[in-house]
Amino acid sequence: MPTNRFRKSARTVPAVVPGHVAIIMDGNGRWATSRGRPRWMGHVRGAHTVKEIVTHCARLGVSQLTLYAFSSDNWKRPREEVGFLFDLFASHLERQLASLIKHGIRLSIIGRRDRLPQPLVEAIAVAEQRTAGGKRMHLRVAVDYSSRVSMQKALAVGPAAMPAPDTALTGETILPPVDLLVRTGGERRLSDFLLWECAYAELAFLDVNFPDLAMSELDAVFADFAKRDRRYGAVPAPETIEIPGTNTPSLTPAR
Ligand code: IPE
Ligand code: IPE
Ligand code: MG
């Protein structure tokens with residue numbers, strides 16, 4: 001759930017910070033090809049943006065940040081690109097570990113691990129174990145992730161794994177509800193990301209390619225989030241509803 005935070009800062013910090021932010025980091029390839037460069041360069045630049053986002057969100061007081069790094073459908077890409085991405089994850093995990101620990105950031109990877117290269121699986125295990133005590137922000141990175149598969153798994157476990165929609169839940173098959181979902185790269189779709197968790201998420205689709213995402217643009221999205229009226233199906237203020245064509249003169253909605 002969003003948190004109210006008021007901080008003294010030279011920069012504008014929104015009064016209401018989304019508690020759980022999810023980001024579909026899209027547009028790395030287009031960033032590169034539009035500059036006549038190979039796609040892998042876009043992924044390298046995207047990894048720098050990831051670092052900036054993690055620091056920025058932790059500073060703003062976001063308590064949960066979930067990043068979509070590799071979907072289960074991304075296996076359809078050329079072998080070389082997939083291999084490059086996994087090597088990049090592993091090297092960044094190792095390089096960022098000290099900084100994550102220092103800043104109190106807990107890291108978890110969500111998605112399948114059985115198809116990942118062994119060195120990456122090991123780097124993940126080390127990073128998760130060494131950051132487990134982080135209390136400031138929970139960073140989840142989705143790798144070989146499919147929301148539909150996660151929901152199937154939760155259903156196979158039984159109804160206990162599919163909690164009431166407003167419950168923050170345990171385990172990592174289904175995550176706590178997302179407050180704000182951001183997608184860069186210009187597409188307006190979810191691409192099998194957090195379908196259950198985004199039931200009442202506010203959505204922000206940005207045309208900027210992920211490597212070019214500036215933190216000022218993220219601030220603008222957060223500022224817009226702070227202004228949104230999240231009604232969850234209710235009405236904004238107590239009022240009487242007239243229902244035309246019925247004998248019921250009025251109904252006062254339950255709260
Ligand atoms: C997102 O950027 C990164 C991954 C999916 C791994 P893309 O690689 O999808 O970039 P575009 O959409 O082709 O530009
Ligand atoms: C979604 O981006 C997956 C990630 C950002 C990791 P894609 O580029 O794979 O999505 P589509 O193919 O445009 O839907
Ligand atoms: Mg893409």
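Counting convention: from 1, in listed order, for ligands and their atoms alike.
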Of all the atoms in ligand 1, which lie at a distance below 4.0 Å from a heavy atom belonging to Arg30? 11 (P), 12 (O), 14 (O)
Just to be sure I understand the site: which N, O or S atoms from the protein are less than 2.8 Å away from the Mg ion (ligand 3)? Asp26 OD1
Ion pair present between Asp26 and Arg30, side-chain N to carboxylate O less than 4.0 angstrom? yes
What I want to know is whether Ser71 and ligand 2 share at least one N or O pair that is separated by under 3.5 angstrom. no
So for Gly185, does at least one of its heavy atoms come nearer than 4.0 angstrom to any atom of ligand 1? no
Numbering the atoms of ligand 2 from 1, which are under 4.0 Å from a heavy atom of Ser191? 1 (C), 10 (O), 11 (P), 14 (O)
What about Trp31: any of its N or O atoms under 3.5 Å from an N or O on ligand 1? no
Parallel, tilted or perpendicular: ring planes of His48 versus His92, cut at 30 and 60 degrees: perpendicular
Look at the side-chain heavy atoms of Ile, Leu, Val, Met, Phe, Trp and Tyr, link any pair under 4.5 Å apart, and say whether Val16 and Val182 land in one connected group. yes
Looking only at protein heavy atoms, which one is nearest to atom 4 (C) of ligand 2, and what is the separation? Tyr68 CD2, 3.9 Å
Hey, which atoms in ligand 1 end up nearer than 4.0 Å to a heavy atom of Ala69? 4 (C), 6 (C)
Does the N or O separation between Asn74 and ligand 2 drop below 3.5 Å for any pair? yes
Does Arg115 CZ have over 12 foreign heavy atoms under 6.0 Å away? yes
Show which atoms of ligand 1 fall inside a sub-4.0 Å distance from at least one heavy-atom site of Arg77. 4 (C), 5 (C), 7 (P), 8 (O), 9 (O)
Identity and distance of the protein heavy atom lying nearest atom 1 (C) of ligand 1: Met25 O, 2.9 Å
Does Arg39 have a non-hydrogen atom less than 4.0 Å from ligand 1? yes
With heavy-atom distances below 4.0 Å as the criterion, list the atoms of ligand 2 near Ile24. 5 (C)
Which of parallel (below 30°), tilted (30 to 60°) and perpendicular (above 60°) describes Trp75 and Phe70? perpendicular
Is Glu197 paired with Arg140 through a side-chain N to carboxylate O contact shorter than 4.0 Å? no
Examine Val126 and Ile124 and state if one hydrophobic cluster contains both, with Ile, Leu, Val, Met, Phe, Trp and Tyr joined whenever side-chain heavy atoms are less than 4.5 Å apart. no
Less than 4.0 Å is my threshold; does some heavy atom of Lys76 fall inside it relative to ligand 2? no
If you count the non-hydrogen atoms of other residues, nucleotides and ligands that lie under 6.0 Å from CZ in Arg130, is the total more than 12? no
In Å, rounded to the nearest 0.5 Å, how long is the span from CD of Gln64 to SG of Cys57? 12.0 Å
Of Leu180, Leu175, Val178, the one forming a side chain to side chain contact (heavy atoms under 4.5 Å, CB included) with Cys198 is Val178
Out of Asn28, Leu218, Leu213, which residue meets the side chain to side chain contact (heavy atoms under 4.5 Å, CB included) rule with Thr49? Leu213
Minimum-distance protein heavy atom relative to atom 12 (O) of ligand 2: Arg189 NH2, 4.5 Å
Determine, using the 4.5 Å side-chain heavy-atom cutoff (strictly less than), whether Ile174 and Val149 are members of one ILVMFWY cluster. no
Is any NZ, NE, NH1 or NH2 atom of the basic residue among Arg230 and Asp179 found under 4.0 Å from an Asp or Glu carboxylate oxygen of the other? yes
Can you confirm whether Arg188 is buried at CZ, in the sense that more than 12 heavy atoms of other residues, nucleotides or ligands lie under 6.0 Å from that atom? yes
Among protein heavy atoms, which sits nearest to atom 10 (O) of ligand 1, and what does the distance come to when rounded to 0.1 Å? Gly29 N, 2.9 Å
Run the numbers for me: atoms of ligand 1, each under 4.0 Å from some heavy atom of Leu85, listed by number. 6 (C)
Would you say ligand 1 has an N or O under 3.5 Å from any N or O of Phe70? no
